[in-house]
Amino acid sequence: MIRVQDLRKHYGPIRAVDGISFEIERGETFGLLGPNGAGKTTTIHMIAGILPPDAGSVEINGSSDPTRASVRSQLGVAPQALALYEELTGEENLAFFGRLHGLRGATLRGRVQWALEFAELTERRRSLVKTYSGGMKRRLNLAIALIHEPPALLLDEPTVGVDPQSRNHIFGRIEDLRRRGLTVLYTTHYMEEAQRLCDRVAIMDHGKMLDVGTVDELISRHGGVSVIEAELERPPESTVSLPGTLEGTSLRIETTKPLEEVARLAELGVRITALKVHRPDLETVFLALTGRRLRD
Amino acid sequence: MRGILTLALKDLLLIWRDKFGLFWILGFPVIYAVFFGSVLGGGHGDGSGATSIALTDEDQTEFSQEFTARLASSEALSVTPMTREEGREAVRLGRQAAQVVLPTGFGESLGFGGQEEGGLEIAIDPSRRAEGAYLQGILMSTTFEMITDRFMDPERAREWLPDLRRDVEEAPEIPGLQRDVLLQFYDALDKFLGDIDPDIYQSGPALQGPRVEAVSVTRDPSGPQSAYEIMFPVAMLWGLMGCTAGFAISLVRERSRGTLLRLRVSPLSRAQILAGKGLACFLACSAVIVMLLALGRFLFNIRFENPPAFALALACTSLAFVGIMMLLSTLGRTEEAVGGSSWAVLLLFGMVGGAMIPRFVMPLWMQALSNFSPISWGIRAMEGATWRGFTLVELAPACGVLLLFGAVCFSLGVAILSRHET
């Protein structure tokens, strides 16, 4: 559905995007994970055709010119900033952007109604957007991107600055869109979001794509071992068959298969009073790839 | 085209909902036109453009009353009878341009010989000296006409002779021989005026000054009929300044709040997005002009006799300000920066262009400078399309300059915006 090939963009000496390539299959949710300034938004802008790349190509559904109206109508974009007219109502915002996409009459009314329900704003449809909470604005921002039923959706940090309840609502809606087969490109600097929502994730930093794969693939490639910390009821008589290192009653095991190791302890008849399993995650992957944390 | 119209209607709705912005676009120009129109119209009498004078007739003779009637019949004057004190106070307070006093003995003071006392008195508002000089000319002309008329009536002319004889007889500086010559002349004149047939006498050559005929520079020879006709075109330009600043700010607001990005990812091209913004600005400018004209026409009787010329002036002026709006929107990255710099530029244009001080009172160098202000050309176009009664051809220079100004600003603005976006 979306193919990006050796895309580059620089602003003076700064290389905002430095030769990235990836492909998103139809119906796939693809995450761009990286800290602020990694080049995620610039990548989205180039895919949407509003920023010309210095080099490389973007292909959307077989077309290599994203500035064409027919190509743009296949994309829905929810910008990171709340791109809403605060002096219009939620309904007026939706109807305005619907009209820009050529919707008219009953079709437009139907889509506006659907979008209001999608964003759970039906009751506030006639209130000015400036009276909405941050979460309501975020939901409307997402709904506007979907008003013309695009087959692909570009979401640029869609949960920035929202409360946990609205965030969960947005997650639920995106999962719903996944089930319907929408292709989604999702940028975030929250690894939990990428881990929860994305089929595949690309790790970005300083304009470069460091690796791409499923979450499990990335963890297995870069996450290292899991760590089990167990507090034993009493020290075992023999430590010969015990995995890991024992200090008093504290046992520490580093392993790539934590569940199997816990099962083995049970087989050995070790009585455990407390158990912690530290599994590597995308944060660990990012740390391994860049030497720093995602939110540094 | 539908997309452009959709964009424009959205912008007009946003402007309509911004009550503070709407005040500067429509409210302020209306207040400006009505306030200054009434102040200037009130200060100049009945608003007909005539010089208002207070007239005090202390002579109360047939001659002074005829003099008063002649002044009152002049189109150039608006005469209000007042006492000496009332008239002096009215001039001091600026309610009348001048006071004319016909003192006791005024009637007798005119004619041959003249009297020391009874001369005409005038008091002029110091701030309106030009009108005062004009008034003195009218008074001299009226006096001359009345003396001529009196002299051309043999019976009335003979009434002067006893006084003339007495003056000569009582004048010690006239030598005896010369006195006799003069008295013989008066006797002969008295006999001549008594014997001649009045019809034959009046058909002969008469005393006459040079004829002065005022040539109108407007289609309607009466010129601006009121200060409102001057003020409403200026107010229209104030409205356009409000529109221009408002839309320049709205364009940068689209950029800073991300809605421009959302528009850019819609199927509309960048040119269509800018055209939508331009159309909204054009429609708002046009609506402001039409509303002010309607208000001026129906409430203040502003002349509007050439709709095609007005339509041309409206279109060209509005287009010029669309271009200016586009350029002003590039003067900063934030709403505050664009708002501040837009008003600074527009007020400078307004100051130089005659929106604050009328062009005709500016020094010559400043009048020349005003040719670089679109406000000046806008006022010329609007005046031409209303009370000056310009034809389409006469409007063409002002419209041409406005279009050129708009095109240059529009091109520059679009070029800078494109650069910002990449």
Side-chain angles (χ1 to χ4, degrees), chain A residues 9-11 41-42 44-54 60 66-89 92-93 95-104 108 128-130 137 140-141 144-145 147-148 150 152-154 156-157, chain B residues 1-25 246-247 249-277 279-280 284 333-335 414-415 417-422:
Chain A
K9 184 74 186 176
H10 64 84
Y11 299 104
T41 299
T42 305
I44 281 207
H45 286 185
M46 287 191 283
I47 293 171
I50 51 179
L51 197 60
D54 295 334
I60 295 164
T67 62
R68 283 174 51 195
S70 60
V71 178
R72 278 187 177 168
S73 63
Q74 296 184 50
L75 295 176
V77 182
Q80 186 174 344
L82 290 167
L84 306 167
Y85 293 106
E86 301 246 324
E87 296 294 331
L88 299 184
T89 65
E92 286 168 342
N93 267 283
F96 167 69
F97 286 107
R99 282 191 201 98
L100 287 190
H101 282 93
L103 305 180
R104 297 284 181 276
L108 177 65
L128 295 181
V129 168
K130 67 182 178 185
K137 288 177 184 175
L140 182 62
N141 199 42
I144 288 172
I147 190 72
H148 58 294
L153 188 59
L154 310 183
D156 192 6
E157 307 258 11
Chain B
M1 188 59 201
R2 270 188 167 182
I4 294 172
L5 199 60
T6 301
L7 276 170
L9 291 175
K10 177 267 299 174
D11 275 326
L12 292 175
L13 181 60
L14 287 174
I15 285 280
W16 179 251
R17 287 194 179 157
D18 178 8
K19 300 301 177 202
F20 187 71
L22 200 61
F23 170 77
W24 290 107
I25 291 172
F247 277 94
I249 294 167
S250 85
L251 191 51
V252 80
R253 186 181 292 144
E254 298 259 22
R255 206 161 51 216
S256 65
R257 295 194 181 175
T259 45
L260 185 62
L261 188 138
R262 183 150 247 160
L263 297 177
R264 296 272 327 269
V265 298
S266 75
L268 298 184
S269 66
R270 196 162 56 83
Q272 285 174 307
I273 293 167
L274 292 180
K277 191 63 79 176
L279 177 64
R333 295 273 186 173
T334 63
E335 293 168 48
V414 169
L417 279 176
S418 307
R419 228 179 126 186
H420 283 177
E421 285 171 19
T422 54

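Fair warning: this is a prediction, and the values are worked out from it, not measured in the lab. Per chain, numbering begins at 1; letters A, B, ... match sequence-line order.
Using a 4.0 Å cut-off between charged nitrogen and carboxylate oxygen, R17(B) and E92(A) count as a salt-bridge pair. A salt bridge links E254(B) and K277(B); the closest N-O separation between the charged side-chain nitrogens and carboxylate oxygens is under 4.0 Å.
Per-residue counts of heavy-atom pairs under 4.5 Å with chain B were compared for L84(A), N141(A), L82(A); the largest is that of N141(A). Chain B forms more heavy-atom pairs under 4.5 Å with one residue of P79(A), S70(A), A48(A) than with any other, namely P79(A). Residue with the most contacts toward chain B among L75(A), L100(A), L128(A), V71(A): L100(A) (heavy-atom pairs, distance under 4.5 Å).
By the 6.0 Å contact criterion, CZ on R2(B) is open, its count of non-hydrogen atoms from other residues, nucleotides or ligands being 12 or less.
A heavy-atom distance below 4.5 Å is not found between the side chains of L268(B) and L263(B).
Residue R68(A): no heavy atom, backbone or side chain, is found under 4.5 Å from chain B. Looking at L13(B), only its side chain comes within 4.5 Å of chain A, counting heavy atoms on both sides. Contacts between E86(A) and chain B at a heavy-atom distance below 4.5 Å involve the side chain alone, from C-beta outward. For L7(B), the parts lying near chain A are the backbone and the side chain together; criterion is any non-hydrogen pair under 4.5 Å. Residue H148(A): no heavy atom, backbone or side chain, is found under 4.5 Å from chain B.
Every salt bridge (Lys or Arg N to Asp or Glu O under 4.0 Å) that D54(A) has, sequence neighbours left out, goes to K9(A). Residues that satisfy the salt bridge (Lys or Arg N to Asp or Glu O under 4.0 Å) test with E335(B), not counting sequence neighbours, are R253(B), R257(B).
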